[in-house]
Amino acid sequence: MSALAIRPARSPAAVARRAALENGLGRTPQMGWNSWNHFGCKINEEMIRQIADAMVGTGLAKLGYDYINIDDCWAANDRDSQGHLVPNPTTFPSGITALADYVHGKGLKLGIYGDAGSRTCSKLMPGSLGYEEQDAKTFAAWGVDYLKYDNCNNQGISPQPRYNTMSKALLNSGRSIFFSLCEWGVDDPAKWASGVGNSWRTTGDIQDNWASMTGIADNNNKWASYARPGGWNDPDMLEVGNGGMTTEEYRSHFSIWALMKAPLLIGCDIRSMSKETKDILSNQNVIAVNQDELGVQGHKVQQDGDQEVWAGPLSGGRVAVVLWNRGSSEASITATWSSIGFNSSTVAGAHDLWTDEVLSSVQGELKESVDSHACKMYVLSPK
Ligand code: GAL
């Protein structure tokens, strides 16, 4: 196997040198739900309230999924006579303040969507270009906690100044609002967005199939060293439960997203999800890797054809490891201690995060058989 050695964890001083957005949010990757992957533009306030109910009722809220994010198509076609954005009177007749109150009443937070151009991607609602201050104040007045900011109809202006203007406007709005940049990675946001937003998309849109999910994982992997508390690479929202992949493929999707410290934004209809879907999204061992306080993005450390090892350091000297078989038949995968950052003499306990079994002492390598398109995920704790 070719070894792509793991980077050592960055020192606190090195992390501090890179300025974070001064809103104090996103110390761990955001968790929640977003309407786009399953519903597209077919959204309304009743459905959003039911999703908030389901988030609590299914127990997902208790596991950390706390943002309920409305994507494109929530607003009326035009601004009002004072230039304010207006909720669509047919689909959101009670208004966003009432919805925010409802969501907050459940102990959750409300996210909304805007665009750093003249119109949003659906073209059904206005964009915020030139209206940043006004729109940020509107979102704050409505009690919005999160803004996903898209990049359509951008008039050919480069992303940095447009996203920077909204970032400042949100900081001035009088409310703490998580800022999620969605410029699809076109201008390498990992290089400049840590002082601008709390997360930045690194790729185009995910689709609910294996080829899209694996390709996006590889693209996001390139930017691993730029993620840290306060600012995360965003390989797009989860497709788990939307039907286009097998259960093992969805388990791989969730495991790799967790390891990459990606936002864990559920994209299925949690009101009617299957037991398999709920079990994947509810795995507390895997969620704990994503939310680990060290905040270092795991990455691909070994590749041998379709057999891969991904790993990343966790707090307390532990290491998270994913053995990922991207091939079409079962295969044996070996993670070597040198590639995951352990000395050859290190003896570690290995916690299998999906079966919950613990191997008490492993040394030198971790070797397991892995089914096609499946993964095994471990936390290794040195003794
Ligand atoms: C895309 C964005 C998607 C979704 C969509 C809405 O640009 O990447 O995540 O927000 O617009 O129209």
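Start at 1 and go down the list; that is how both ligands and their atoms are numbered. Start at 1 with the first residue, then count along the sequence.
Here the CD atom belonging to Gln160 is positioned 8.5 Å from the CD atom belonging to Glu183, to the nearest 0.5 angstrom. One distance of note links OH of Tyr102 with CD1 of Ile96; it measures 15.0 Å at 0.5 Å rounding. Put simply, OH on Tyr378 and CG on Leu323 are 5.5 Å apart, with the number rounded to the nearest 0.5 Å.
Among all non-hydrogen protein atoms, the one lying nearest atom 8 (O) of ligand 1 is Asp205 OD1, 2.5 Å. The shortest contact between atom 9 (O) of ligand 1 and any protein heavy atom is with Lys148 NZ, 2.7 Å. The closest protein non-hydrogen atom to atom 11 (O) of ligand 1 is Asp150 OD2, 2.7 Å. Protein heavy atom at the shortest distance from atom 4 (C) of ligand 1 is Asp71 OD1, 3.4 Å. Summary of contacts: the protein heavy atom closest to atom 12 (O) of ligand 1 is Asp72 OD2, 2.8 Å.
Distances between N or O atoms of Trp36 and those of ligand 1 include no value under 3.5 Å. When only interatomic distances are considered, the shortest N/O to N/O separation between Asp236 and ligand 1 does not fall below 3.5 Å.
The only member of Lys109, Gln30, Lys106 that meets side chain to side chain donor-acceptor pair (under 3.5 Å) when paired with Asp66 is Lys109.
Between Trp74 and Trp142, the distance separating the two ring centers is shorter than 6.0 angstrom.
Between Leu108 and Val56, the closest side-chain pair of non-hydrogen atoms falls below 4.5 Å.
The distance from ligand 1 to the heavy atoms of Arg201 drops below 4.0 Å at these ligand atoms: 8 (O), 9 (O). Atoms of ligand 1 lying under 4.0 Å from at least one heavy atom of Cys182, given by number and element, are 2 (C), 8 (O).
Phe139 does not carry Arg175 over the face of its six-membered ring by the limits of under 6.0 Å from the centre and within 45° of the normal.
Heavy atoms of Cys73 found under 4.0 angstrom from ligand 1: none, in either backbone or side chain.
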